[in-house]
Amino acid sequence: MKFSKSLIGTLRQDPREAESKSHRILLRGGFIRQLAAGIHTYLPLGWRVLRRIEQIIREEHERIGAQELLMPAMSPSELWEKSGRWEEYGDDMFRFKDRKGRDYCLCPTHEEVVTEIARAKVRSYRDLPQSWFQIQTKFRDELRPRFGVIRSRQFIMKDSYSLDRDETGLEKSYQLHKEAYIRIFTRCGIDFEMVQASGGVMGTGQSHEFIARVDGGEATIVACSSCDYRADIEGAQTGGTFAGFEDMPVTEIHTPDVGTISEVSSFLKVPCQQLVKSIIFTAPGKKPLLMLLRGDYEINEDVVKNRFGFSYRPATRDEILAVSGVEPGFIGPTGTYSVDIYADDLLKKATGMITGANKNNYHVKGLNISRDAKVKEYFNMRVPKAGDICTQCGSPVELYNALELGQIFKLGTKYSERLGATFLDEKGAEKPVIMGSYGIGLERIMACVCEQKADERGAVWPISISPYDVYLVVLNPAEEEVSACAGRISKALTEADFSIIIDDRDISAGIKFNDSDLLGIPLRVTIGPRGIKNGKFDVSLRESGEVSAVSEDAVVKLCQDHKAALLKKLEK
RNA sequence: CGGGGCGUGGCGCAGCGGUUUAGCGCGCAUGGUUCGGGACCAUGAGGUCGUGGGUUCAAAUCCCACCGCCCCGACCA
């Protein structure tokens with residue numbers, strides 16, 4: 001490819017809208033172009049990267065026996081009504097009507113569609129197991145698209161689905177995908193980790209996320225400092241220490257207009273650990289719940305929802321008033337109103353605690369939870385925090401941000417039951433297909449590599465996904481000898497199976513060098529009058545900056561050696 | 001949706017207590033000189049000042065509404 005004829009167009013300055021590192025680099029290098037919030041064009045350079053990622057994904061899925069197909073990007077509402085997600089998905093789903101007024105969506109994911117295929121095609125246990133994948137555009141009307149391509153409304157995803165006859169089969173499919181994912185991210189040059197994930201509204205099946213440590217990643221990971229425990233904070237469980245304070249009789253204290261934990265803490269000059277948060281959860285048509293939690297923790301809403309139902313959410317001020325009769329900030333477990341009380345397990349032996357008195361502008365002190373509150377059950381409802389205790393080994397945990405690149409998930413029979421995807425087993429009994437679902441965000445791999453590998457000068461692509469292998473800088477392309485030499489070298493490199501971009505632009509050398517750095521092509525060969533004169537040409541490596549000068553007929557060999565070494569590094 | 005910021009040639013910005021032809025840098029085009037880490041000279045093209053309404057003799061500039069984009073938060077298989 002000749003740079004002079006390409007649609008690359010690097011930018012000298014960072015576009016104003018770009019904030020995160022990957023967004024800046026992708027925009028400046030001319031890899032992507034934004035059309036609207038969370039909607040991007042993949043320009044030739046970015047598209048080449050995505051296609052190479054796609055190819056790696058394809059190879060690794062085929063290696064585990066998965067078959068590629070392509071489902072439609074749009075779907076009629078019926079399927080989603082059957083699964084219950086036409087409602088559940090809410091505003092995150094792009095919806096529209098056809099000319100006859102029938103409802104459709106742009107698929108945010110494809111469980112429904114794939115299950116519909118399974119319903120029609122899978123009849124017998126002899127048809128199982130199956131593993132199907134596609135690489136396809138997904139649509140989600142995100143509340144807030146951000147970080148360029150990392151959280152967008154239209155994005156490319158590899159999604160695959162396994163169909164099995166029993167749990168053993170599912171476990172095998174799951175393991176195969178896990179291994180494929182490890183190979184994929186390794187080949188893409190990503191520094192990643194596998195962590196336990198929460199099922200969220202998908203259910204409670206086993207799930208793992210593949211994440212990359214990146215500043216500003218939107219997932220928070222809880223990691224043990226000494227063993228291998230790693231979990232997404234949404235599903236993480238950690239231990240804590242019991243906080244006991246002076247055992248004293250329960251007495252009321254006047255706390256005028258002092259409602260929040262931090263206000264009470266500074267007003268009474270006590271640590272947050274001595275306070276108990278009282279949080280009311282409500283759900284339409286269900287009994288309100290009162291959750292008790294130590295003041296220095298946040299409640300994990302997912303845990304509550306998974307346990308009591310997904311319609312539960314924290315009560316609004318009006319609901320709190322209706323349920324308890326007091327303002328938020330002063331509710332507590334000692335009142336007489338009709339709620340079921342649950343408490344975090346760290347409060348079980350807690351003594352001398354302070355919480356709302358269920359009376360406006362009053363708190364109580366000297367509370368021993370097990371003595372003074374009618375707790376139905378204790379369980380871990382905390383969002384973990386740094387310094388908590390690992391449940392596996394007892395060492396302290398740490399928290400960090402990460403970017404979620406992929407997730408594997410044991411779905412079970414949720415969709416096959418609802419959509420009627422069944423098969424007959426050896427005994428002729430009809431059973432629902434047992435499913436797994438597995439996703440990878442392609443743009444996130446691209447962005448992640450920028451976040452992890454790029455330096456001040458620009459991108460640094462691993463050779464496995466770089467848009468080109470070699471950047472051929474041609475200095476003074478107007479000089480006949482130079483262009484003839486560039487022609488010979490590019491021909492030789494092409495014949496040796498290198499993809500190359502030739503910077504034949506009639507501009508100053510600095511721009512070409514800077515652009516080659518910005519574009520992050522792993523190898524660079526410089527051809528100019530000086531090289532012609534000396535009979536030596538610079539071959540340099542983007543990542544290390546290492547430069548060697550070799551004669552014309554040694555260029556290809558050196559590039560081959562470099563390429564082999566770079567590929568070897570990606571094997572891990 | 002709450003809080004904050006911003007919309008002026010392709011990109012980055014100035015102008016915004018009302019005044020005639022809306023500037024600057026980069027980029028782009030043409031010619032020339034240069035040529036190993038963002039050169040220089042000359043000439044030139046390119047703008048409904050986000051949209052709509054209002055105030056005014058006069059609006060990029062003042063007022064109102066709306067739209068869009070970015071950041072923080074809420075949210076997120």
Side-chain angles (χ1 to χ4, degrees), chain A residues 7 9-20 23-24 27-28 30 33-39 83 85 88-93 107-112 138 140-148 150-153 157 159 161 197-205 207-209 216 218-220 232 234-235 301-302 306 310 313-314 404 406-412 414-415 435-439 441 457-458 473-479 482 503 505-518 524-534 536-538 540 545 547 549:
Chain A
L7 198 175
T10 55
L11 302 172
R12 173 171 278 200
Q13 288 142 314
D14 283 337
R16 191 177 35 178
E17 72 263 24
E19 197 80 6
S20 67
H23 197 193
R24 280 202 316 271
L27 241 23
R28 261 195 73 189
R33 187 182 160 79
Q34 178 164 330
L35 183 62
I39 303 177
S83 74
R85 289 162 111 192
E88 260 174 46
Y89 235 102
D91 291 336
D92 278 3
M93 190 148 75
C107 296
T109 174
H110 280 78
E111 279 83 8
E112 279 78 359
K138 296 280 191 282
R140 293 183 193 175
D141 195 359
E142 294 286 348
L143 214 43
R144 175 137 109 85
R146 61 178 127 183
F147 309 134
I150 289 178
R151 175 172 231 75
S152 55
R153 296 191 291 173
M157 187 175 181
D159 47 324
Y161 305 89
S198 117
V201 291
M202 297 291 294
T204 48
S207 178
H208 285 92
E209 275 170 13
E218 84 297 48
T220 304
D232 189 299
E234 287 171 20
E301 288 183 34
D302 279 355
N306 270 319
F310 270 86
R313 52 171 180 72
E404 185 192 332
Q407 184 165 14
I408 55 178
F409 195 90
K410 287 187 181 176
L411 278 181
K414 174 173 172 179
Y415 295 94
M435 299 174 62
S437 109
Y438 316 87
R457 291 176 299 158
V473 181
V474 186
L475 270 12
N476 286 20
E479 282 185 26
V482 173
D503 197 342
R505 292 175 296 173
D506 186 18
I507 49 170
S508 66
I511 297 176
K512 301 184 197 189
F513 288 128
N514 284 328
D515 273 348
S516 88
D517 289 341
L518 175 61
R524 182 172 78 197
V525 179
T526 306
I527 297 161
R530 197 171 83 190
I532 304 253
K533 209 171 85 193
N534 305 339
K536 296 273 187 189
F537 300 93
D538 286 348
S540 56
V547 188

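Predicted model only: the values in this text are computed from it and were never measured. Below, chain A is the first sequence line, B the second, and so on; all start at residue 1.
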- Item | Phosphate-side-chain proximity, A:R146 and B:rC69, N/O vs OP1/OP2 below 4.0 Å |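 So the side-chain polar atoms of A:R146 never come under 4.0 Å of the phosphate oxygens OP1 or OP2 of B:rC69.
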- May I ask you to evaluate whether A:Q34 reaches the phosphate of B:rC70, defined as a side-chain N or O under 4.0 Å from OP1 or OP2?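 A:Q34 to B:rC70 OP1/OP2: side-chain N or O found under 4.0 Å.
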- Item | Spacing between A:L475 atom CG and B:rG36 atom C1', to the nearest angstrom |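 For the pair A:L475 CG and B:rG36 C1', the rounded distance is 5 Å.
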- Query: Could you give the CZ-to-P distance, from A:R151 to B:rC75, as a whole number of Å?
  - Reply: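 It is 12 Å, rounded to the nearest whole Å.
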- Does the pair A:R85/A:E111 count as a salt bridge with the N-to-O cut at 4.0 Å?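 Yes, this pair counts.
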Run the salt bridge (charged side-chain N to carboxylate O under 4.0 Å, His left out) test against [X] and tell me which residues pass, sequence neighbours left out.
{"X": "A:E301", "value": "none"}
{"X": "A:R144", "value": "none"}
{"X": "A:D14", "value": "A:R24, A:R28"}
{"X": "A:R140", "value": "none"}

[X]: what forms a side chain to side chain donor-acceptor pair (under 3.5 Å) with it, not counting sequence neighbours?
{"X": "A:S516", "result": "A:R524"}
{"X": "A:E479", "result": "A:N476"}
{"X": "A:D159", "result": "A:Q134, A:K138, A:Y161"}
{"X": "A:E209", "result": "none"}

- Query: Base, sugar-phosphate, or nothing for A:R313, non-hydrogen atoms under 4.0 angstrom?
  - Reply: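 Result for A:R313 = nothing.
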Quick test: give all pairs of protein nitrogen or oxygen and nucleotides 44-52 of chain B nitrogen or oxygen below 3.5 Å, distance rounded to 0.1 Å.
none

Distances for protein N/O vs nucleotides 3-10 of chain B N/O pairs under 3.5 angstrom?
| from | atom 1 | to | atom 2 | distance (Å) |
| --- | --- | --- | --- | --- |
| B:rC6 | O2' | A:R16 | NH1 | 2.8 |

- Item | Those residues that, when tested against A:F537, pass ring pair (Phe, Tyr, Trp, His ring centres under 6.0 Å) (two or more places apart) |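 Once residues adjacent in sequence are excluded, A:F537 has no partner under the ring pair (Phe, Tyr, Trp, His ring centres under 6.0 Å) criterion.
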Close N or O pairs between protein and nucleotides 39-42 of chain B (under 3.5 Å):
| from | atom 1 | to | atom 2 | distance (Å) |
| --- | --- | --- | --- | --- |
| B:rA39 | OP1 | A:S508 | OG | 3.3 |
| B:rA39 | OP2 | A:S508 | OG | 3.1 |

- Query: Got more than 12 heavy atoms from elsewhere within 6.0 Å of CG, A:D91?
  - Reply: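 No, CG of A:D91 has 12 or fewer neighbouring heavy atoms, counting only those of other groups under 6.0 Å.
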- Message: Taking B:rA58 as the reference, what is the distance to B:rA39 when you measure between their P atoms (whole Å, please)?
- Response: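 Per the computed distance, 49 Å lies between those P atoms.
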